[in-house]
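First comes the structure, then the notes that go with it.
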Amino acid sequence: MADIRYYEAGDFDTVVIGAGHAGSEAALAAARLGAKTLLLVTNLNSIAEMPCNPNIGGTGKGHLVREIDALGGEMAKVIDKTFIQSRMLNTSKGPAVHSLRVQADKRRYHEVMKRVLENEDNLYLVEDEAVRILRDGNEITGVLTRDGAKYNTKTVVLCTGTYLRSRIFMGEVNFPAGPSGFSPANHLSKSLEEDFGLKLLRLKTGTPARVLRKSINFSTMAPQYGDENVVPFSFSNIDKNLNKEQEPCFLTYTTPECHQIIRDNIERSALALGDIEGKGPRYCPSIEDKVMRFSDRDSHQVFIEPEGLSTDEMYIQGVSSSLPVEVQQQFYRKIIGLENCRILRPAYAIEYDAIDATLLTRSLEHMDFKGMFFAGQINGSSGYEEAAGQGIVAGINAALKVQGKEPFILDRSEAYIGVLIDDLVTKGTKEPYRMMTSRAEYRLTLRQDNADLRLTQKGRDIGLVDDERYAGFIYRKEEIEKEIARIKKVKITPTAENNKILEELGSTDLTNTSSIYELIKRPELDYEKLAVLDKERPDVRADIVRNVEIEIKYEGYIKKQEIQIRQFKKLETKKLDKDLDYKMIEGLRNEAKEKLQDIRPESIGQASRITGVSPADINVLLIYLEHKRRQNEAS
């Protein structure tokens with residue numbers, strides 16, 4: 001940029017750069033914890049925008065939304081106000097993988113979140129682009145903007161999404177642009193490289209075309225309806241009725257003709273042309289990736305999803321592409337029901353800058369630069385929910401940093417957010433990271449239904465959970481405990497009448513007196529079925545019944561997992577010095593020395609999860625720590 005005469009624009013405790021899902025949560029968390037917070041966004045119309053899929057939640061991701069809510073975040077509340085369809089996924093499987101997924105009215109979601117940000121005390125929202133971050137030694141001192149402002153600050157949270165030097169690709173056509181037609185952020189990357197010496201990565205993601213509703217033949221597609229009884233995302237709405245008329249989605253399929261057009265033009269994709277440097281998301285591949293990798297498949301699923309109530313744009317889930325627009329117009333029309341479709345917005349791939357997240361601590365602060373936090377896609381993650389989960393943690397820690405308090409850390413045994421952050425900062429990623437239930441070792445205890453029981457007290461202790469919300473949490477917790485205690489005392493004797501009832505319920509006779517608690521453990525029985533034997537049962541809320549039943553049915557498995565968690569925490573409590581010189585520790589393999597020196601784990605537990613560090617290396621570290629402990633005691 002040309003030389004600019006910067007003016008002093010004010011002093012802040014925290015400056016959050018970017019107001020996507022990460023930035024919105026980060027700014028709200030910091031401001032609510034008392035930090036005077038500035039939120040910079042290049043365009044106010046991009047606040048909490050959904051440039052890709054018009055939904056929140058899904059497998060693994062729904063857990064993140066519930067956890068953000070339990071900590072005192074905003075995403076769940078906003079989507080509860082703006083959803084147009086709601087479905088609970090994986091209900092035929094165990095409760096560990098049940099995940100709520102809802103279709104969003106994208107424009108309404110943006111509007112509601114923007115209003116929340118505008119009206120938050122202690123939060124200042126400004127449309128401007130950050131172009132440089134200032135530091136004095138290893139401490140953050142300020143932010144310069146495109147419009148000539150200099151903001152003095154003690155901490156900065158970078159939530160830049162896919163905007164850093166972003167570039168759009170559609171076949172041979174490519175140009176600098178951010179998602180959804182917004183402008184890219186072309187200057188901040190230079191500051192990160194030159195002022196902080198960061199080596200930036202290039203990552204890639206993409207989005208499908210948007211098609212005009214009236215040009216779609218829905219009669220050849222299978223409708224997908226929402227659940228009759230809506231389960232809210234926010235625990236503050238758990239006792240409220242959110243049922244309303246919902247918009248249907250539709251399931252259709254690609255065809256062999258569609259695949260052939262893609263194969264015939266594959267050399268014209270931006271990836272094949274070699275224009276894209278970055279690696280795309282493994283679990284959300286483009287349609288050309290799917291066609292080429294699964295050449296034996298004649299068809300792939302395609303979901304047609306409404307983008308909102310104020311538009312007739314339909315999102316074509318599963319058909320992202322970096323092929324030329326003219327080719328898109330051909331192959332989209334070979335999808336069943338899209339024979340006469342009119343594309344309003346073409347599919348595209350987008351490439352952008354990100355950092356190596358192994359340079360961060362689990363508080364999401366840079367190891368070498370005090371007060372510099374990162375959250376969201378700049379850390380190599382994908383998805384709105386992953387971004388928001390990092391955002392609330394980074395915002396909390398930016399505020400705590402200013403207040404001179406210890407950082408807020410969630411470990412892998414406490415939350416999916418902890419799994420997400422630990423994976424990013426310990427292992428890093430070469431492709432956009434997506435949260436899935438399979439990434440969590442302790443998923444039976446990290447269910448979406450108990451996120452409030454796990455995390456609300458932590459949110460309260462930090463200062464994000466208000467009195468009303470906390471009272472609701474205490475009520476739920478106590479009612480669950482009270483009902484479990486009650487049904488343990490309700491004894492059912494082996495009378496002919498009781499055994500006949502059990503037989504009618506498809507269960508076996510009693511030979512000894514048993515409690516309702518013990519009967520619920522039988523696979524064929526549940527809390528509701530046993531109401532006939534529980535004569536004095538009180539009126540218990542549905543969400544409480546659900547938790548009671550899960551705790552009883554999975555008691556044995558949960559206890560085993562709790563033992564594993566205690567073992568896990570033992571290694572997490574064995575702390576490693578940030579400045580430890582691993583090259584001087586005898587017995588470590590060279591690869592382990594290099595990896596440990598680069599990542600600088602906070603504990604033995606984190607060290608054990610670093611790729612290239614073996615169990616033998618961990619034993620060497622444990623011996624080293626024990627030797628150091630004895631030396632310290634002797635001195």
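If you're wondering where the values come from, they're calculated on a predicted model, not measured in any experiment.
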- Using a distance-only test with no angle check, is there a side-chain donor-acceptor pair under 3.5 angstrom linking D69 and S234? yes
- Under 6.0 Å from the six-membered ring centre of Y554 and within 45° of its axis: does the NZ or CZ of R447 meet both? no
- Item | Audit row: V230, Q246, side-chain contact (heavy atoms from CB on, under 4.5 Å) steps and yes/no | CA-CA 10 Å; V230 171; Q246 299 182 46; 3.5 Å; yes
- Can D356 and T358 be counted as having a side-chain donor-acceptor contact under 3.5 angstrom? yes
- Message: Determine whether the aromatic ring centres of residues F83 and F233 are separated by less than 6.0 angstrom.
- Response: no
- Query: Does the side chain of T426 come under 3.5 Å of the side chain of D422 through a donor N or O and an acceptor N or O?
  - Reply: yes
- Message: Strictly below 4.0 Å, N to O, side chains only: are E365 and K578 in salt-bridge contact?
- Response: no
- Going by distance alone, is a donor N or O of one side chain under 3.5 Å from an acceptor N or O of the other, for T14 and T155? yes
- Quick one: CG on N547 to CD on E479, what's the gap to the nearest 0.5 Å? 12.0 Å
- Message: Counting C-beta onward and ignoring hydrogens, is there a side-chain heavy-atom pair between V540 and V548 closer than 4.5 Å?
- Response: no
- Query: Does some side-chain heavy atom of L71 sit less than 4.5 Å from a side-chain heavy atom of L410?
  - Reply: yes
- Using a distance-only test with no angle check, is there a side-chain donor-acceptor pair under 3.5 angstrom linking T162 and Q377? no
- Message: Distance to the ring centre below 6.0 angstrom and angle to the axis at most 45 degrees; does that hold for R66 and Y416?
- Response: no
- Got a sec: does the CD of E406 have more than 12 other heavy atoms crowding it under 6.0 Å? no
- Item | S24-E74 side chain donor-acceptor pair, cut-off 3.5 Å | no
- Message: On a heavy-atom basis, which atom in L40 and which in Y151 lie closest, and how many Å separate them?
- Response: CD2-CE1, 4.2 Å
